[in-house]
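The structure appears below as structure tokens.
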Amino acid sequence: MKMIPRFAGRLLEWYRLHQRDLPWRKTRDPYRIWLSEVILQQTRVAQGLAYYERFVEHYPTVHHLAKAPIEEVLRLWQGLGYYSRARNLHAAARTISIQWAGRFPASYDELRRLKGVGDYTAAAIASFAFDEPVAVVDGNVFRVLARLYGLYDDISRTKTKHKFKALSEAHMPPQEAAAYNQAMMEFGAVQCTPQKPLCMTCPFRDDCYAAQYGKQQELPVKSKKTTKRKRYLSYRFFYRNGKLWMQERKQKDIWKGLYEPARIEAATAREMEQLLQNEAPAALWQQAQAIEQIRHLLTHQELFIDIGMLHLPPDAALPPFLKDGGDWFTPEECDALPKPIVIAQYFERHRHLLHE
DNA sequence: AATACGGGGTG
DNA sequence: CACCCAGTATT
């Protein structure tokens, strides 16, 4: 393959002129860099920015994070999605704080052993914080290289990732690993965007396969398609003696570690209807107020949620489905619990119905 | 190697 | 609606 001449130098010049001002680029603290990288996994800078600031403020060092209760970490993570990131982040913080006695793992191989740190994140921290000359390969790097060189390899394949990593590393100036990696990703995010890339002003326009042949939309090639499963969820906030009943999601499923109100679930709309008409709790369930129907989309699931709120008299017997596995929380305590965003938003909209 | 895991922005 | 986002863990 004929490599693009002076690629790194031209890329770094572009980066010098066009880079965004982002807080994690102003530090060499591996803790903060790690934090930013985990937050930004499958997440846009615009969405992750506020979370990064919040985490740095609450947990200025890895020890602060390690000492925090997991519920608090998940609550700060609320709304960002992929909650295993927060659980792994917390677990890794404890590993670093205790096993490594606070000395942050300082090489790709050491970093790679941390929970939630894969190939990309290990390379990012190793290069940004420790100048280790290892190339990052994220969605941006895939896109930039696939378009520049006209590579039709399926980026879903492991083999392709290795190929692109080697290709990027072949262009990397060993003394400028950090800036080069940053520049590759920034170029993908700002110039060589997924849709409507800015080819007219691109410094590589004359070198780029996709720009020359008009293949920007075909590249990169990604074969995988996700299938969506439908789920039907019915939720009720039960309010009694000034407290709300909430339970933790402990099973291996979406929203693990988050809290939710009482739930009835079905695989089909018909099954849900039957449950609500025939089951014992149905009568009580239907007395709720502020019932909303909400369609909530996840990557692999389409959720049809109906959710409501209902008051029980102080002496009311507990409905059978509230037996164990859950607990009663004051509205303020409920605020502090980590919840799926769709639940949290409903609660915010209707919490004024409490105390009446 | 394939699949699950959130939520939001873009065209 | 379809695609994608500074990916990782699990099977």
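Both backbone and side-chain heavy atoms feed into the values below; hydrogens, waters and symmetry mates do not. Just so it is clear: chains get the letters A, B, ... in the order the sequence lines come, proteins before strands, and each one is counted from 1.
Nucleotides C/dC4 and B/dG6 have their C1' atoms positioned 13 Å apart, rounded to a whole Å. A distance of about 14 Å separates the C1' atoms of C/dC5 and B/dC5, rounded to the whole Å. Comparing B/dG8 with C/dT8, their P atoms are spaced 22 Å from each other, to the whole Å.
Listed candidates were B/dG7, B/dG8, C/dA6. Nearest to the side chain of A/L298 is B/dG7. In the set B/dG7, C/dT8, C/dC5, C/dT8 carries the atom at the smallest distance from any side-chain atom of A/Q41. The side chain of A/Q195 has C/dC3 as its nearest neighbour among B/dG7, B/dA4, C/dC3. Each of B/dA4, C/dT8, B/dG7 was ranked by its minimum atom distance to the side chain of A/P340; first place goes to B/dG7. Distance from the side chain of A/K252 is smallest to C/dT11 among B/dG6, C/dT11, C/dC4. Nearest nucleotide to the side chain of A/T121, out of B/dG8, C/dT8, C/dA6: C/dT8. Out of C/dG7, B/dC5, B/dG7, the shortest distance to the side chain of A/Q42 is found at C/dG7. Checking B/dG6, C/dT11, C/dC4 against every side-chain atom of A/R85, the shortest atom distance belongs to B/dG6. Among the nucleotides B/dC5, C/dA6, C/dA9, the one closest to any side-chain atom of A/E186 is C/dA6. With distances taken from any side-chain atom of A/A189 to the nucleotides C/dA6, C/dA9, B/dG6, the minimum falls on C/dA6.
Not a single donor-acceptor pair, N or O on each side, falls under 3.5 Å between the base of B/dA4 and the side chain of A/R229. One donor-acceptor pair, N or O on each side, does fall under 3.5 Å between the base of B/dG6 and the side chain of A/Y82. With hydrogens and angles ignored, a donor-acceptor pair under 3.5 angstrom links the side chain of A/T43 to the base of B/dG6.
Base contact: A/L22 has a heavy atom under 4.0 Å from a base atom. Residue A/K222 is classed as a sugar-phosphate contact, given heavy-atom separations below 4.0 Å to backbone atoms only. Residue contacts shown for A/N181 are absent, as no nucleic acid heavy atom lies under 4.0 Å away. At the heavy-atom level, A/V117 lies under 4.0 Å from the strands shown only through sugar-phosphate atoms. Using a 4.0 Å heavy-atom distance criterion, A/W77 is classed as making no nucleic acid contact. As judged by a 4.0 angstrom heavy-atom cut-off over every strand, A/G81 is placed among the base-contacting residues.
Taking the six-membered ring where the residue is Trp, A/Y346 and A/F237 present parallel rings, their angle staying beneath 30° rather than reaching 60°. Ring planes of A/W77 and A/F55: perpendicular class, angle over 60° (limits at 30 and 60°).
Summary of the strand contacts: A/I341 and A/R157 both lie near DNA chain B, and taking for each the nucleotide with the nearest heavy atom, the more 5' one is attributed to A/R157. Heavy-atom distances to DNA chain C give each of A/R295 and A/G139 a nearest nucleotide, and the one nearer the 5′ end belongs to A/R295. Position along DNA chain C of the nearest nucleotide to A/S36 versus A/R112 favours A/S36 as the more 5'-ward residue. The nearest heavy atom of DNA chain B to A/A46 and to A/R231 marks one nucleotide each, and the one closer to the 5' end goes with A/R231.
Taking only side-chain nitrogens and oxygens, A/Y83 comes nearer than 4.0 Å to OP1 or OP2 of B/dG7. Taking 4.0 angstrom as the limit, A/T158 places a side-chain polar atom (N or O) nearer than this to OP1 or OP2 of B/dA1. The side chain of A/H296 places an N or O atom within less than 4.0 Å of a non-bridging phosphate oxygen (OP1 or OP2) of B/dG7. For the pair A/W255 and B/dG7, the criterion of a side-chain N or O lying under 4.0 Å from OP1 or OP2 is met. Put simply, A/Q301 has no side-chain N or O that comes within less than 4.0 Å of OP1 or OP2 on B/dA4.
Aromatic rings from A/F7 and A/F204 are positioned such that their centres are separated by under 6.0 Å. Proximity of the aromatic rings of A/W24 and A/F128 is defined here by a centroid distance below 6.0 angstrom, and this criterion is not met.
Salt bridge status for A/R28 with A/D131: present, with a side-chain N to carboxylate O gap under 4.0 Å.
To the nearest angstrom, P of B/dG8 lies 7 Å from OH of A/Y51. The CD1 atom of A/I39 sits 22 Å away from the P atom of B/dC5 (whole-angstrom rounding). Atom-to-atom, NZ of A/K115 to P of C/dT10 comes out at 7 Å; the value is rounded to the nearest Å. Counting to the nearest Å, the P atom of B/dG8 and the CG atom of A/L49 are 16 Å from each other. Taking atom NE2 on A/H300 and atom P on C/dC3, their separation rounds to 13 Å, with Å as the unit. For the pair A/Q78 CD and B/dG8 C1', the interatomic distance rounds to 15 Å; values are reported in whole Å. Taking atom OH of A/Y52 as the reference point, atom P of C/dC5 lies 22 Å away to the nearest angstrom. The separation between A/N140 atom CG and C/dG7 atom C1' is 12 Å, rounded to whole Å.
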Go through the steps for A/E13 and A/R16 under the test salt bridge (charged side-chain N to carboxylate O under 4.0 Å, His left out), then give the verdict. CA-CA 5 Å; A/E13 175 62 10; A/R16 194 177 65 76; 2.9 Å; yes
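Side-chain contact annotation: A/E260 with A/W255, donor-acceptor N/O pair under 3.5 Å absent.
With hydrogens and angles ignored, the 3.5 Å screen pairs no side-chain donor or acceptor of A/R112 with any backbone N or O of A/A122.
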